[in-house]
Amino acid sequence: PADPSSPQEHGLDFQRLLDASAYKEMFRQDMIRWGEEKRHTDPGFFCRAAVEGALQPVWVVSDTRRLSDVEWFRDVYGDVVQTVRVVATEETRKRRNWVFVTGVDDAESECGLDQGVAFDWVITNDGDKVALGEQLEMLLQSLHRSL
């Protein structure tokens, strides 16, 4: 059965909620509130959903947002977990049309991993495709060695 708080139950276009459109921004705070309620009642809810049915030897779980997410993966999967943070300067982010919104961009859903996590990898994505490629290649080589 569908979750009564799911986008489908509210008549929302799920695909449009995944992009960076104004449509998503209209519902962003409601989505954050719904996610917080889910996490409060079940901290592993989204983490379990992310790995459900995954059988591949390497998984990329993108967009974890909280320390509790990282802790869940480390508790469940131990030392095989590799954390990767992708960073860009504020200037680069603004060039990509990001605009800070008080109450959204300073909420835990957006900055919950800014402190308290020792990332295994930090990838810089400021628009230099060569530098980005080199960093990703190093990460991939490390993953291949650990298989």
Side-chain angles (χ1 to χ4, degrees), residues 1-127 132 135-136 138-147:
D3 185 309
S5 298
S6 71
Q8 294 86 354
E9 287 294 314
H10 291 283
L12 302 178
D13 182 333
F14 182 70
Q15 288 303 314
R16 290 185 69 196
L17 292 174
L18 297 176
D19 64 24
S21 67
Y23 180 87
K24 173 183 169 181
E25 292 304 314
M26 290 189 309
F27 301 104
R28 192 170 177 197
Q29 287 183 311
D30 290 336
M31 292 185 330
I32 291 169
R33 189 172 20 261
W34 175 77
E36 294 304 323
E37 290 169 6
K38 282 290 190 192
R39 278 183 184 83
H40 181 71
T41 58
D42 179 3
F45 177 81
F46 293 105
C47 297
R48 282 192 310 281
V51 299
E52 184 178 332
L55 301 173
Q56 296 79 8
V58 175
W59 309 340
V60 175
V61 180
S62 64
D63 220 11
T64 54
R65 301 204 168 215
R66 289 165 183 75
L67 183 57
S68 61
D69 294 340
V70 173
E71 290 171 342
W72 185 90
F73 279 101
R74 286 186 173 153
D75 288 347
V76 173
Y77 298 103
D79 292 338
V80 299
V81 172
Q82 293 281 300
T83 55
V84 180
R85 181 177 180 102
V86 179
V87 297
T89 64
E90 192 168 318
E91 179 182 302
T92 297
R93 296 173 73 202
K94 286 179 180 177
R95 254 193 339 266
R96 295 173 178 159
N97 297 320
W98 172 76
V99 177
F100 182 87
V101 176
T102 301
V104 174
D105 290 307
D106 53 359
E108 183 183 13
S109 64
E110 300 301 315
C111 55
L113 296 177
D114 287 352
Q115 297 176 345
V117 177
F119 288 92
D120 300 301
W121 297 87
V122 177
I123 306 292
T124 301
N125 183 12
D126 276 324
L132 178 61
Q135 295 170 85
L136 294 175
M138 288 175 52
L139 173 58
L140 288 173
Q141 287 177 14
S142 174
L143 292 174
H144 283 283
R145 284 191 301 270
S146 67
L147 291 178

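Residue numbers run from 1 in the order of the sequence given.
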(request) Of all the heavy-atom pairs spanning Val70 and Leu113, show the shortest one and how long it is. (result) CG2-CD2, 3.9 Å
(request) Could you pull out all residues at least two apart from Asp126 that satisfy side chain to side chain contact (heavy atoms under 4.5 Å, CB included)? (result) Ala88, Thr89, Thr92, Thr124
(request) Answer whether the closest heavy-atom distance between the side chains of Trp72 and Pro43 falls below 4.5 Å. (result) no
(request) For the residue pair Glu110 and Arg65, establish whether any side-chain heavy-atom pair is separated by less than 4.5 Å. (result) yes
(message) Under the salt bridge (Lys or Arg N to Asp or Glu O under 4.0 Å) test against Arg85, which residue among Asp114, Asp120, Asp63 passes?
(response) Asp114
(request) Report the distance from atom CD1 of Ile123 to atom CE of Met138, rounding to the nearest 0.5 Å. (result) 8.0 Å
Would you list the atom pairs, donor with acceptor, under 3.5 Å between side chains in residues 52-62 and any protein atom, with sequence neighbours excluded?
from  : atom 1 : to    : atom 2 : distance (Å)
Trp59 : NE1    : Gln56 : O      : 2.7

(request) Using atom types as modelled and distance alone, determine if a side-chain donor or acceptor of Asp105 lies under 3.5 Å from a backbone N or O of Val101. (result) yes
(request) Enter the distance from Cys111:SG to Arg66:CZ here, rounded to the nearest 0.5 Å. (result) 9.5 Å
(request) Indicate yes or no: at least one non-hydrogen side-chain atom of His40 is less than 4.5 angstrom from one of Glu36. (result) no
(request) With rounding to the nearest 0.5 Å, note down the distance linking CH2 in Trp121 to CD in Gln135. (result) 10.0 Å
(request) Please round to the nearest 0.5 Å and tell me the distance separating atom CD of Glu91 and atom CZ of Arg96. (result) 11.0 Å
(message) What I'd like to find out is whether the side chain of Thr83 reaches to under 4.5 Å of the side chain of Phe73, using heavy atoms alone.
(response) no
(request) Take the angle between the ring planes of Phe100 and Trp98 and call it parallel below 30°, perpendicular above 60°, tilted in between. (result) perpendicular
(message) Do the side chains of Arg33 and Glu37 get close enough for a salt bridge, i.e. N-O under 4.0 angstrom?
(response) no
(message) Quick one, Asp69 and Arg39 - any side-chain contact, counting heavy atoms below 4.5 Å?
(response) yes
(request) Any chance you could measure Leu139, atom CG, to Leu143, atom CG, to the nearest 0.5 Å? (result) 4.5 Å
